[in-house]
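Below you'll find the structure, written out as structure tokens, and then a few comments.
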Amino acid sequence: MKVMRLLSSLKHDESERGIFHLGRALVKNEHTSIIVSSADEDNDLVRRLKRDGNIYHQLHVNKKSWLSLLQVSALRHLIEKYEPDVIHVHSRTPAWILHLALRRARVRRFPKLVSTMYGFYPINKYSQALLNVDTIITVSDSVTQYLKKGLRIEDVDPKVITRIYRGVDTRRYPYRHNPSVYWLRHTFAEYPELEHKKWLVFPTVIGNEYGQEWLIDILGNLQEQFPNIHVIIMDEDYKDGDVAHEDFRQRTNSLGLAERITYVGSKRNDMREWLSAANIVMALANEPESIGINALQAIHLGTPVIGWDQAAFSEILQPLYPQGLVKKYNANALCKAVRNQLESVTRPEMTNKFTMREMIEKTLEVYQSLHDAALAEEQAEADAIAVRRIKRSLKKASKPALNVAVKNIEPVAKNPKIKLTKEKSKTTDNVDTTETTEDNQPL
């Protein structure tokens, strides 16, 4: 089986898509894995893919870029060259390029198409390319419900939708992982204010949709009871022209909370260490979250997570750590949950749910089912052609040959009438016969 995957970038949310793990699994199962993306050939991520046995091609299919339309013919050439059985698109721009490339592609068998919806994309013309596929993969039940509702409103034909949760690599995020002494010393040297503090880690950047304003309520209500409480934000300490960032900084400064907040930057490769060292990981997005990968990673590390009871956070915390769920947008309930956790620590239990292995296995099942369906359709078509040929040959055999006389035979009546005739007697010289009349009188 040949599987081609189209991605706008390799750097964006690599942990969510499982790009490398899925490619490695395909190669391990003796399938062909072909990846098309915008990353350069000398990129470290590309070299990693090639080392795992994937075939890589660079095409500039960047998100929301009209220049991506120039790659239609190049993608068509790759499709004709490899003739993939399944093509998996991971974003909307590559999906449009794919549909345009397939219009005139000369392939022996049309590939089966798969798309993944990673968020609550608007159901409009731009997203239509992701919907015109054989199977749509959603990353959570909340996305599935949103998609079905949107399709009903748009009066679109029912689609085959498969929900596959994003998974965590349990080897990279093992349960109760502890940061190394070297990492802790280096961190305290860089941020001395973090030593001997209770860490509330906010594992995302500042924005209107991410809910950083709720941290002000937590610090303002709990700083007296917990004087060592401290917030760590995974964002830069200053952003020129960012209104949400500037508003948050001004509010914390005016309330005297700035000393209780540390910004460690967003471009870090040690997220695992921060999540495992945290006392609590905060999941406070104002908008419904579709994946919640940071909260999921923290749960697998054994770190308590407190978040709103909505969308993906509900789907993750309800089966794994229900005490971390808080009635959404309720400051009192949020402060109470943080207080209870700081007073008596209760950690999530080890789990085998939401793992990368489970995600890979289910994705491979989708690929294999589509491939099997394509083979069955091809066999059914071949059988239909064979049947038509046999019928044509039988029809020709039943026709009379040319220049051959055919005698018309009259049909036999169903009830033929039989006529009885009298036969005259023959006389001989030795026998004397006498004719008589009806009255037996001699003539």
Side-chain angles (χ1 to χ4, degrees), residues 179 184 186-268 270-271 273-287 289 292 294-295 298 303-310 313 317 323-345:
L184 290 172
H186 183 271
T187 301
F188 292 146
E190 187 175 2
Y191 308 103
E193 69 274 14
L194 296 182
E195 196 168 3
H196 307 300
K197 299 294 177 62
K198 297 287 187 181
W199 293 5
L200 304 185
V201 173
F202 187 73
T204 185
V205 297
I206 291 176
N208 293 326
E209 67 273 26
Y210 296 118
Q212 66 278 348
E213 65 273 10
W214 298 104
L215 298 172
I216 297 176
D217 293 282
I218 296 173
L219 292 176
N221 287 281
L222 300 181
Q223 62 177 341
E224 293 184 2
Q225 185 177 356
F226 302 97
N228 60 347
I229 192 174
H230 200 93
V231 169
I232 299 171
I233 298 179
M234 296 295 175
D235 200 355
E236 314 301 329
D237 57 353
Y238 177 76
K239 286 184 178 181
D240 187 19
D242 191 322
V243 177
H245 198 288
E246 184 63 26
D247 178 69
F248 180 74
R249 290 295 298 268
Q250 289 182 0
R251 291 180 63 187
T252 54
N253 287 330
S254 61
L255 294 172
L257 301 175
E259 295 181 354
R260 295 184 177 276
I261 300 175
T262 297
Y263 301 86
V264 298
S266 58
K267 298 179 180 179
R268 306 192 65 95
D270 58 350
M271 177 64 78
E273 316 306 323
W274 289 104
L275 294 177
S276 60
N279 294 90
I280 303 174
V281 172
M282 310 304 301
L284 305 176
N286 292 323
E287 299 294 332
E289 186 72 18
N294 291 327
T303 303
V305 175
I306 293 179
W308 302 126
D309 189 5
Q310 67 173 352
F313 294 147
L317 294 177
Q323 55 267 48
L325 287 173
V326 179
K327 184 179 179 180
K328 61 181 181 179
Y329 316 141
N330 189 313
N332 291 329
L334 178 61
C335 293
K336 182 179 179 181
V338 174
R339 182 189 303 111
N340 293 338
Q341 181 59 40
L342 293 176
E343 289 177 347
S344 57
V345 180

Among residues two or more places apart or on two chains, list those pairs meeting ring pair (Phe, Tyr, Trp, His ring centres under 6.0 Å) that have a residue in residues 231-263. His245-Tyr263
Can you name the closest pair of heavy atoms from Ala298 and Val305 and give their distance? CB-CG2, 3.7 Å
Heavy-atom closest contact (Trp308 atom, Ala285 atom, distance): CD1-O, 3.3 Å
Carefully, step by step, assess Lys336 and Val326 under the rule side chain to side chain contact (heavy atoms under 4.5 Å, CB included). CA-CA 9 Å; Lys336 182 179 179 181; Val326 179; over 6 Å; no
For the atom pair [atom1] ([X]) and [atom2] ([Y]), what is the distance rounded to the nearest 0.5 Å?
{"X": "Thr303", "Y": "Leu275", "atom1": "OG1", "atom2": "CG", "value": "6.5 Å"}
{"X": "His186", "Y": "Leu184", "atom1": "NE2", "atom2": "CG", "value": "12.0 Å"}
{"X": "Arg268", "Y": "Trp274", "atom1": "CZ", "atom2": "CH2", "value": "5.5 Å"}
{"X": "Asp309", "Y": "Leu317", "atom1": "CG", "atom2": "CG", "value": "8.5 Å"}
{"X": "Gln310", "Y": "Lys327", "atom1": "CD", "atom2": "NZ", "value": "13.5 Å"}
{"X": "Lys267", "Y": "Asp235", "atom1": "NZ", "atom2": "CG", "value": "11.0 Å"}

Are more than 12 heavy atoms from other residues, nucleotides or ligands located less than 6.0 Å from atom CD of Glu190? yes
Determine whether more than 12 heavy atoms belonging to other residues, nucleotides or ligands lie under 6.0 Å from atom NZ of Lys197. yes
If only atom types and distance count, is the side chain of Ser266 paired as donor or acceptor with the main-chain N or O of Met234 below 3.5 Å? no
Side-chain donor or acceptor of Asp270 paired with backbone N/O of Glu273 under 3.5 Å: no
Would you be so kind as to tabulate the donor-acceptor pairs closer than 3.5 Å made by side chains of residues 199-214, with sequence neighbours excluded?
from, atom 1, to, atom 2, distance (Å)
Trp199, NE1, Leu194, O, 3.0
Gln212, OE1, Gly207, N, 3.1
Gln212, NE2, Gly207, O, 3.2
Glu213, OE2, Asn286, ND2, 2.8
Trp214, NE1, Asn286, OD1, 3.0

What's the verdict on side chain to side chain contact (heavy atoms under 4.5 Å, CB included) for Ile306 and Leu334, showing C-alpha distance, side-chain angles and the deciding distance? CA-CA 8 Å; Ile306 293 179; Leu334 178 61; 3.8 Å; yes
Using a 3.5 Å cut-off and no angle test, enumerate the donor-acceptor pairs between side-chain atoms of residues 218-233 and protein atoms at least two apart in sequence or in another chain.
from, atom 1, to, atom 2, distance (Å)
Asn221, ND2, Asp217, O, 2.6
Gln223, OE1, Arg260, NE, 3.1
Gln225, OE1, Arg339, NE, 3.1
Gln225, NE2, Glu343, OE2, 2.8
His230, NE2, Thr262, OG1, 2.7

